[in-house]
Amino acid sequence: DIPSHLDDLPPTMLKKDYANLPIMNSVDDVVKRLLSLEMASQKEKMKVKTQQLVEKVRRSPKDNGSFEVQGKLKKGRVLIRTLEEHLQRHPKDKRNRRFLLMDLDRRRKMLGYLRRVNYSTFENTCRQLGIQYSPPQSYTRHVTKRWLVKKALCIKVFQEKQKLKAAERLKQRRVWQARARAAREQQE
């Protein structure tokens, strides 16, 4: 069985709703275990893990609005890791593979934005979350003979059009010069 990254949460940690209740000190161990993260659903474990990741990259205790804290990168990381584990167990699950690729693409776009806007924050976020960012590859076109011929034709048509425009501009310039000459002669 593959160990889940959500299983590395402390099992004795109580769910958020029950953690601060004073009655929890006097409750039986069996009840505490039922209310702990060990018995929590996958969704509840993801919430706790996401909150822990937010605490890692938060700039100050009241920081809720910064890009890296808004939950997009953290939630994306938790979802991606969960989907990766699921796909290791179920390699033919095409629907979740598609969701994984969409989440990876969304995270790459957000990291690219953060990298352009504030590089030091980008580096810190990647280090804290354990993300290795690689910039997208530049677009390359597959060169075929047909494509080369088409490109050559397009270039030739463009050059011919430029020649026609140049001839038209020259003709227009001569008309303007003749009008200017006629206007000067009338003034004299």
Side-chain angles (χ1 to χ4, degrees), residues 2 5 43 46-47 49-50 53-54 56-60 63-188:
I2 300 165
H5 73 283
K43 189 175 183 180
M46 280 183 67
K47 277 186 182 178
K49 190 67 174 176
T50 303
L53 291 171
V54 167
K56 269 187 179 180
V57 292
R58 185 171 270 173
R59 296 177 193 167
S60 67
D63 179 21
N64 292 323
S66 65
F67 185 80
E68 59 273 15
V69 172
Q70 285 178 352
K72 295 174 185 163
L73 289 172
K74 269 73 57 210
K75 188 174 182 186
R77 178 176 180 246
V78 173
L79 281 174
I80 287 168
R81 199 168 283 167
T82 305
L83 285 171
E84 284 173 345
E85 291 169 0
H86 172 79
L87 288 171
Q88 284 178 350
R89 281 179 267 143
H90 309 284
K92 292 186 179 183
D93 189 352
K94 303 297 183 203
R95 181 174 182 262
N96 281 321
R97 183 170 305 284
R98 182 173 164 266
F99 289 146
L100 173 67
L101 292 174
M102 286 169 37
D103 285 342
L104 284 170
D105 192 43
R106 191 178 303 124
R107 182 177 77 181
R108 186 173 53 246
K109 285 178 184 178
M110 284 189 279
L111 283 172
Y113 169 77
L114 190 61
R115 184 174 186 235
R116 283 191 312 273
V117 172
N118 192 345
Y119 192 78
S120 62
T121 306
F122 161 78
E123 280 185 328
N124 184 35
T125 303
C126 285
R127 190 173 357 89
Q128 292 288 343
L129 298 178
I131 297 173
Q132 188 171 9
Y133 176 80
S134 57
Q137 295 178 351
S138 59
Y139 175 75
T140 56
R141 178 159 175 74
H142 181 67
V143 179
T144 61
K145 190 173 182 181
R146 180 179 178 187
W147 182 78
L148 287 172
V149 170
K150 187 175 179 180
K151 184 176 178 182
L153 176 67
C154 288
I155 290 171
K156 195 172 185 179
V157 168
F158 177 75
Q159 288 171 346
E160 290 296 320
K161 194 171 180 182
Q162 291 297 91
K163 286 179 188 176
L164 289 173
K165 281 184 180 178
E168 186 66 33
R169 275 189 257 129
L170 182 62
K171 190 177 176 183
Q172 190 69 33
R173 191 178 312 132
R174 286 185 181 153
V175 169
W176 289 335
Q177 288 173 349
R179 286 183 188 162
R181 238 182 275 121
R184 276 191 299 238
E185 288 175 2
Q186 281 185 351
Q187 287 178 354
E188 291 176 355

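Remember, predicted model here, so these are calculated numbers, not experimental data.
Here the NZ-NZ distance, from Lys92 to Lys94, works out to 8.0 Å after rounding to the nearest 0.5 Å. To the nearest 0.5 Å, the span separating CG on Leu111 from CZ on Arg116 amounts to 11.0 Å. Summarising the geometry, atom CG belonging to Leu114 is positioned 10.5 Å from atom CD belonging to Glu123; distances are rounded to the nearest 0.5 Å. Atom OH of Tyr119 sits about 12.0 Å away from atom CG of Asn124, to the nearest 0.5 Å.
At a threshold of 4.5 Å between non-hydrogen side-chain atoms, the residues Lys161 and Phe158 do not count as touching. Side-chain contact between Arg108 and Tyr133: present, with at least one pair of heavy atoms (C-beta onward) separated by less than 4.5 Å. Side-chain contact check for Val149 versus Arg146: every heavy-atom pair is 4.5 Å or farther apart. Contact annotation: the side chain of Lys165 approaches that of Arg169 to within less than 4.5 Å [non-hydrogen atoms, C-beta and beyond].
Remark: Asn96 pairs with Leu83, His86, Leu87, Asp93, Phe99 by the side-chain contact (heavy atoms from CB on, under 4.5 Å) rule, at least two apart or across chains.
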Might you work through the salt bridge (Lys or Arg N to Asp or Glu O under 4.0 Å) test for Lys171 and Glu168, ending with a clear yes or no? CA-CA 5 Å; Lys171 190 177 176 183; Glu168 186 66 33; 5.2 Å; no

Would you check, one step at a time, whether the test side chain to side chain contact (heavy atoms under 4.5 Å, CB included) holds for Gln88 with Glu84? CA-CA 6 Å; Gln88 284 178 350; Glu84 284 173 345; 5.6 Å; no

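Here the side chain of Arg97 pairs a donor or acceptor atom with the backbone of Pro91 at under 3.5 angstrom.
Electrostatic pairing of Lys163 and Glu160 counts as a salt bridge here, judged by a charged N lying under 4.0 Å from a carboxylate O.
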